[in-house]
Amino acid sequence: MLLRMSTLFLRTLRDDPADAEVPSHRLLVRGGYIRRVAPGIYSWLPLGIAVLANIEKVVREEMASIGSQEVHFPALIPREIFQASGRWADYGDSLFRLADRKGNDYLLGPTHEELFTLLVKGEYSSYKDYPLSLYQIQTKYRDEARPRAGVLRGREFIMKDSYSFDLTDEGLQQSYQAHRDAYERIFSRLGFDYRIVFAVSGAMGGSASEEFLAPTPSGEDTFVQCTNCDYAANTEAVEIVGPPAAEDSAGSSQPASVVLDTPDTPTIATLVDCLNGLDWAAYGQDGRQFAAADTLKNVVLKTRQPGADKWELLVVGVPGDREVDLKRLAGQLEPVEVVQADEKDLAAEPGLVKGYIGPQLLAELKVRYLVDPLVVEGSAWVTGANEPGKHAAFVVRGRDFDPDGEIGAVEIRDGDRCARCGSPLQIARGIELGHVFQLGRKFAEAFGLTALGPDGKPVTITMGSYGVGITRAVAALAEQTYDEAGLVWPRAVAPADVQVVPTGKDVAAVAEAERIAAELVSLGVRVLLDDRKASPGVKFKDAELLGVPTILVVGRGLDDGVVELRDRKSGERRDVPVGDAVSAAHAEVTGG
RNA sequence: CGGGGUGUAGCGCAGCUUGGUAGCGCACUCGCUUUGGGAGCGAGGGGCCGCAGGUUCAAAUCCUGUCACCCCGACCA
């Protein structure tokens, strides 16, 4: 393959686009890979298409290697299909909806579980047909509340999604493992630095669920890794351990709880200041100093059962130096919805005094109360006294209040302790490249996907669901590999193997570059030839911006019978005799 | 949904305070020179100044409304 820059549909930009913040967005636009059309919607230009095609090729090969077969569904889907699964309503504003000329409702598919399931249901009916794995590479549409970072979170994006269909749980395990292995090969081949982390299983329920994350500061997902063992998890799914339970779990060594006047202390910071101004001698704790971590903060939320109209209040108790992580809570409460309660909700329950809520009364008020595991049995706290301007001290869990249960609610911090081995966890950001999870039978049950077993009885199929963000992978790779000068593609995805750059006005250089390019092409090397009439500076800058892994400069060295071979990633340059140029470049490409 | 910001040529920006022929850099076209780190000189093409209404002899500029887009936050009790 020979691409000539003189005719390539490409215009590089000298300035960063004003709306681009993250490096991948900036560089993909500057390098002429993508152009913005609307928020979260991008056009792909020839170089971008080349990168996409390379990624898809790797994905197809690895899907084939586990026996998954490619299909292709429409993006335009009639409403009835999504209504059957309940997602016409559940998806809410994230769904692109439209109507045809007759007024029938359609949607642009945000994902294709329904169509996969229905297709299989329509074709297969015997246990002899299974197991089965199907996949597609398809454009998805999600009307994101806030698209960002170019192609990292778009409203239109390409995704490889696949599903496994098995008769048994063991079969699902095997299908899941096969996909997981295939994903490891895919991301390794593409040149990613990635981590596999535990994840929440998402809207469809199900059990085992793991994400493939590319660690990078621009990532939208936060995950933790244990500094000691191999535990890693998305913060939405992470489990941490609290301090060991107090030996005195009845709290008998603590002073009896006492209500204090703490005027104008609606926030934790003002409360701590106030506490430290009080005299604690009377309680046998002379000179006692308090910190935010000694207070118990009670956050009012509300939950709603799926399909229900009514919201119910839920109060969650966490140490005062911690924030509540709503996403993490939502992951555990799934499919129950959870959101923060507003002023109106609080007003509806007069027992809850904003800013001074304590757990002592909650049982009486019949408000459900859960605490984070950091609030251990027997621990003593300063918390609200359920009266304006008053707090209570020495409030002991197990003595003065009993929560209805525990739930991991706090925002995870660097240094929190691993639930497996107790070692400190490290926190980092990453981009979700892929997700594998065991869907189970919920979906098949909803659509009646069964197979007739050998005994003549129907068996409900169990499914696995697996996704790879193709367009996102382009941006994620750019994020992980770029440098000051521009993009630096790993070989497997680069739009070309070698960029041949003739410089100078000497026609001999151009002729020599043409010859070398032609010979490389004949060896199967993909060559980008900069045959433009531009100055050397322009050509060098563009070559570095575009990120082709090997750059071959044919110019002034020709007088001495050499050309210059540059490695884009390391910046290493070396002269090679003209006669060896082709073999040297070829060796770079093949890794020889 | 809340907060902040921006809409002027394909891209990046100035002009707006104090109304008076719409500008600069890059990119693009032509000519000459130049060719190892985003060349120089000269001559050009390209604009609904987001949209609508108002004030005015006159609006990119002032007023009102509206739309779009970008960034941050979707929690601090």
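The chains referred to below are lettered A, B, ... by the order of the sequence lines, with proteins before strands, and numbering in each begins at 1. In this text the structure is predicted, and so the values were computed from the model without any measurement.
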>> Classify A:R532 by what it touches in the nucleic acid, base, sugar-phosphate, or nothing, heavy-atom distance under 4.0 Å.
In response: nothing
> Which nucleotide in the list B:A77, B:G38, B:U35 gets nearest to the side chain of A:P536?
Replying inline: B:U35
>> Between B:A52 and B:U8, how far apart are the two P atoms, rounded to whole Å?
In response: 15 Å
> Any chance the rings of A:F401 and A:W381 have centres within less than 6.0 Å?
Replying inline: no
> Taking the C1' atom of each, how far is B:C49 from B:A68, in whole Å?
Replying inline: 15 Å
> In whole Å, what is the span from the CZ atom of A:R30 to the P atom of B:C11?
Replying inline: 16 Å
> Nearest to the side chain of A:K541, which nucleotide is it out of B:G38, B:G12, B:A77?
Replying inline: B:G38
>> Between the side chains of A:D567 and A:K569, is the shortest nitrogen-to-carboxylate-oxygen separation below 4.0 Å, so that they form an ion pair?
In response: no
>> Say we look at B:G65 and B:G25: how far apart would their P atoms be, to the nearest angstrom?
In response: 38 Å
>> Please tell me if A:R573 has a side-chain N or O lying less than 4.0 Å from either OP1 or OP2 of B:G36.
In response: no
>> Between B:G31 and B:G45, how far apart are the two C1' atoms, rounded to whole Å?
In response: 16 Å
>> By the definition side-chain contact (heavy atoms from CB on, under 4.5 Å), identify the one residue from A:I516, A:L529, A:L552, A:D531 that meets it with A:P502.
In response: A:L529
> Side chain of A:R14: nearest nucleotide among B:C70, B:G12, B:A27?
Replying inline: B:A27
> Rounded to the nearest Å, what distance is computed from the NZ atom of residue A:K533 to the P atom of nucleotide B:G31?
Replying inline: 12 Å
> So with a 6.0 Å cut-off around CZ of A:R532, is the heavy-atom count from everything else above 12?
Replying inline: yes
>> Return the pairing partner of B:A60 with a 3.5 Å limit on both distances, Watson-Crick or G-U wobble; otherwise return none.
In response: none
> Is the shortest distance from a Lys or Arg side-chain nitrogen in A:R566 or A:E588 to a carboxylate oxygen in the other one below 4.0 Å?
Replying inline: no
> Which of these passes side-chain contact (heavy atoms from CB on, under 4.5 Å) with A:W44: A:I158, A:V151, A:V51, A:L28?
Replying inline: A:V151
>> Could you check whether the side chain of A:R556 and the base of B:G37 have a donor-acceptor pair of N or O atoms closer than 3.5 Å, going by distance alone?
In response: no
>> Under 4.0 Å between a side-chain nitrogen and a carboxylate oxygen: does that hold for A:D16 and A:R26?
In response: yes
>> Considering every strand and a 4.0 Å limit on heavy-atom distances, what is the contact class for A:R26: base, sugar-phosphate, or nothing?
In response: nothing
> Salt bridge between A:E544 and A:R568, side-chain N to carboxylate O under 4.0 Å?
Replying inline: no
> Which one is paired to B:U18, where only Watson-Crick or G-U wobble pairs with both distances under 3.5 angstrom count?
Replying inline: none
> Hey, does A:E21 reach any base, or is it just sugar-phosphate, or nothing, if we go heavy atoms under 4.0 Å?
Replying inline: sugar-phosphate
> Nearest-Å distance, CG (A:D560) to P (B:G36)?
Replying inline: 14 Å
>> Can you tell me the base-pairing partner of B:G44? Count Watson-Crick or G-U wobble geometry only, both distances below 3.5 Å, and say none if there is no partner.
In response: B:C28
> Which nucleotide in the list B:G37, B:A39, B:G12 gets nearest to the side chain of A:V538?
Replying inline: B:A39
> Given atom CG of A:L558 and atom P of B:U35, what is their separation to the nearest angstrom?
Replying inline: 17 Å
> Which one, B:G38, B:C69, B:G36, comes nearest to the side chain of A:T12?
Replying inline: B:G38
>> If you go through the side-chain atoms of A:E544, does one of them form a donor-acceptor pair with the base of B:G37 closer than 3.5 Å?
In response: yes
>> Does A:A534 reach a base, just sugar-phosphate, or nothing at all? Heavy atoms under 4.0 Å.
In response: base
> In the strands shown, is B:G38 matched to any nucleotide by a Watson-Crick or G-U wobble pair with both distances under 3.5 Å, and which?
Replying inline: none
> Taking N and O atoms by type only, does the side chain of A:R566 place a donor or acceptor under 3.5 Å from a partner on the base of B:G37?
Replying inline: yes
>> Taking A:D402 first and then A:R397, would you say they form a salt bridge - that is, a charged N and a carboxylate O separated by under 4.0 Å?
In response: no
> Below 4.0 angstrom from OP1 or OP2 of B:A39, is there any side-chain N or O of A:S535?
Replying inline: yes
> NA contact type, A:G504, heavy-atom cut-off 4.0 Å: base, sugar-phosphate, or nothing?
Replying inline: sugar-phosphate
> Across all strands, who's sitting opposite B:G73 as a Watson-Crick or G-U wobble pair, both distances under 3.5 Å?
Replying inline: B:C1
> Atom CZ of A:R35 to atom P of B:C11: distance rounded to whole Å?
Replying inline: 9 Å
> Please give, in whole Å, the distance from B:C11 P to A:L45 CG?
Replying inline: 14 Å
> If the C1' atom of B:G46 is compared with that of B:A9, how far apart are they to the nearest Å?
Replying inline: 6 Å
>> Go nucleotide by nucleotide along RNA chain B from the 5' end; which of A:G555 and A:A20 gets its closest nucleotide reached first?
In response: A:G555
> If you measure from the P atom in B:U18 to the same atom in B:U64, how many Å do you get, rounded?
Replying inline: 15 Å
> Just how far, in rounded Å, is C1' of B:A77 from CG of A:L296?
Replying inline: 12 Å
> Which part of the nucleic acid, if any, lies within reach of A:V553 when heavy atoms closer than 4.0 Å are counted: base, sugar-phosphate only, or nothing?
Replying inline: base
> With both distances under 3.5 Å as the test, what is the Watson-Crick or G-U wobble partner of B:U55?
Replying inline: none
> Of A:P39 and A:T503, whose closest RNA chain B nucleotide lies nearer the 5' terminus?
Replying inline: A:T503
>> Checking base pairs now: Watson-Crick or wobble, both atom distances under 3.5 Å. What partners B:U6?
In response: B:A68
> Whole Å only: how far is the CZ atom of A:F540 from the P atom of B:A39?
Replying inline: 12 Å
> So what does A:R11 hit on the nucleic acid, given a heavy-atom distance under 4.0 Å: a base, only sugar-phosphate, or nothing?
Replying inline: sugar-phosphate
> Considering only B:C70, B:G36, B:U35, which nucleotide approaches the side chain of A:E564 most closely?
Replying inline: B:G36
>> Using a heavy-atom cut-off of 4.0 Å across all strands, would you classify A:D542 as base, sugar-phosphate, or nothing?
In response: base
> Looking only at atom P, what distance separates B:C63 and B:G20, rounded to whole Å?
Replying inline: 15 Å
> In whole Å, what separates the C1' atom of B:C69 from that of B:G38?
Replying inline: 30 Å
